[in-house]
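Working notes, structure below.
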Amino acid sequence: MSQALVRTAAGWLLGLMLAVAASIVAINVVNNTVASPQQPVREYLDALQQGDGGKALGLLRATVPPGNAAMLDGSALKTAASRLANITLGQPEERPGGQVMVPVQYTIDGSRLRTEFLLEQTGTEWLFFKTWAFVPSRLPTLGVTVVNSSEATLNGVPVNMPAGRNSFAVFYPGEYEAALNGEYFAAPPTRATITSRDAPVAPLNLLTEATDQLRNDVGQRVKEFLDGCAAEAVKQQRLQPDCPFYFSSTNNVGDGTIRWTITKYPEISIEPFGGRWVVAPLDGKAKVEAVQQSSFTGAWFPLNEEVDFSFTTRLDVDGDTIKVTPLLTY
């Protein structure tokens, strides 16, 4: 064989060896990047941030537990994921049974947190490139309770709360905020951070309170009742009207001289009790003015007395309508 032919053959062999080596390097690069166990995790986190619950659920290969699904898509899901910052994917770590664990570190409200995802190899593509998928799992649930309300908001989405409670299937990692922002009833927001499928999560308990608007509206109803009652007592010229207030006297009172006015209206306090909203006993003061005649001397002299009174009411709230019913005993 001529030296020229040998050099040609050696050149082809060297080129082949370099091509094979390059292919091996390329395969390893692909298996460590787009075909690595980290890739499904990246895609899953991206789906959460996009609010794409269908894609996230398919990637996670998770079953949905019984409960409300309002947090599994759209703005509620996007909000849960938007609170994650400084996200870092760690290197895969081998686990028994051919599985790998991919750690994800991130911060929520400045706190450093960690979520671990289990993945398994499901095959290869084009003979060389590994395919990975999440180990099938079940989504966690988040319980929410609210005092004396059948509705609330969770991550800004209105949700039904039958009998004041509900359970929501949720993705992880994420943060979920419950609140109640009604015209008459409100509860300050409370948050829960879900970092894994197995971590126990305390329910979000909304401690509902009456709003200033409700107290003002109830106070206005009470004021209208008392003013109306005083006006009727003047019209009927009665010292002991069908009202929370009255005055007893053994003297004769001049016709047309009786005048009732409310000098102190009750302060309104509304609290939950026995599944209802209860107005605390209402205490106030009323003044009666008249001209009276002494039963002993027959002399006429002015009556000017301030009397304390107290009564209770029943409060009924239906949406944006309230009804205040005075409960009087005689």
Side-chain angles (χ1 to χ4, degrees), residues 146-150 164 180-188 206-330:
V146 59
V147 175
N148 283 11
S149 180
S150 59
L180 178 63
N181 300 299
E183 179 183 11
Y184 287 142
F185 303 106
L206 293 173
L207 302 179
T208 313
E209 297 177 347
T211 63
D212 290 340
Q213 184 66 50
L214 178 60
R215 285 188 286 270
N216 291 339
D217 286 0
V218 169
Q220 183 61 33
R221 302 293 195 283
V222 170
K223 182 178 185 299
E224 291 171 357
F225 163 71
L226 291 172
D227 288 345
C229 213
E232 188 64 20
V234 172
K235 180 179 179 181
Q236 296 178 358
Q237 287 292 288
R238 296 176 61 184
L239 289 179
Q240 298 183 6
D242 297 331
C243 295
F245 44 84
Y246 65 92
F247 182 78
S248 296
S249 175
T250 59
N251 297 322
N252 294 324
V253 177
D255 291 339
T257 65
I258 296 175
R259 175 178 172 80
W260 281 99
T261 55
I262 308 301
T263 56
K264 181 182 179 182
Y265 292 96
E267 295 184 1
I268 307 300
S269 177
I270 303 172
E271 300 293 339
F273 179 78
R276 296 181 54 83
W277 290 95
V278 177
V279 181
L282 300 169
D283 302 322
K285 294 179 182 294
K287 183 171 72 171
V288 59
E289 299 172 274
V291 176
Q292 58 183 342
Q293 184 182 35
S294 172
S295 58
F296 296 104
T297 65
W300 291 89
F301 61 98
L303 168 66
N304 191 329
E305 293 287 341
E306 189 175 55
V307 296
D308 296 324
F309 65 83
S310 181
F311 67 106
T312 59
T313 61
R314 176 187 173 91
L315 173 63
D316 295 291
V317 182
D318 183 10
D320 58 357
T321 301
I322 65 171
K323 181 180 180 182
V324 180
T325 306
L327 305 175
L328 305 180
T329 57
Y330 303 103

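Everything numeric here is computed off the predicted structure, so don't read it as measured data.
Side-chain atoms of T211 and E183 include no donor-acceptor pair closer than 3.5 Å.
In this structure, E271 contributes its side chain and V278 its backbone to no donor-acceptor pair below 3.5 Å. In this structure, W260 contributes its side chain and E232 its backbone to no donor-acceptor pair below 3.5 Å.
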- Report the C-alpha separation of R215 and I270 in whole Å, then their side-chain angles, then the decisive distance to 0.1 Å, and conclude whether the side chain to side chain contact (heavy atoms under 4.5 Å, CB included) test is met. CA-CA 7 Å; R215 285 188 286 270; I270 303 172; 4.1 Å; yes
- Message: Evaluate L328 against D242 for side chain to side chain contact (heavy atoms under 4.5 Å, CB included), listing each step before the verdict.
- Response: CA-CA 8 Å; L328 305 180; D242 297 331; 5.8 Å; no
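Between Y184 and the options T208, D320, D212, D217, a side-chain hydrogen bond (donor to acceptor under 3.5 Å, both in side chains) holds for only D217. For the side chain to side chain contact (heavy atoms under 4.5 Å, CB included) with R221, the qualifying choice from V324, N216, L226 is V324, the only one to do so.
For the pair S149 and F185, the minimum side-chain heavy-atom distance is 4.5 Å or more.
Applying the ring-ring contact (aromatic ring centres under 6.0 Å, His included) criterion to Y265, with sequence neighbours excluded, gives no partner residue.
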List the atom pairs, donor and acceptor, that lie under 3.5 Å between side-chain atoms in residues 288-295 and the rest of the protein, sequence neighbours left out.
{"from": "Q292", "atom 1": "OE1", "to": "S249", "atom 2": "OG", "distance (Å)": "3.4"}
{"from": "Q292", "atom 1": "OE1", "to": "N251", "atom 2": "ND2", "distance (Å)": "3.2"}
{"from": "Q293", "atom 1": "NE2", "to": "G298", "atom 2": "O", "distance (Å)": "3.0"}
{"from": "S294", "atom 1": "OG", "to": "F296", "atom 2": "N", "distance (Å)": "3.2"}
{"from": "S294", "atom 1": "OG", "to": "T297", "atom 2": "N", "distance (Å)": "3.3"}
{"from": "S294", "atom 1": "OG", "to": "T297", "atom 2": "OG1", "distance (Å)": "3.4"}

May I have the list of side-chain donor-acceptor pairs in residues 299-311 shorter than 3.5 Å, sequence neighbours left out?
{"from": "E306", "atom 1": "OE2", "to": "T263", "atom 2": "OG1", "distance (Å)": "2.7"}
{"from": "D308", "atom 1": "OD1", "to": "K285", "atom 2": "NZ", "distance (Å)": "2.5"}
{"from": "S310", "atom 1": "OG", "to": "D283", "atom 2": "OD1", "distance (Å)": "2.6"}

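For the pair R276 and D316, the tightest heavy-atom approach, listed with the atom from each and the gap, is NH2-OD1, 3.2 Å.
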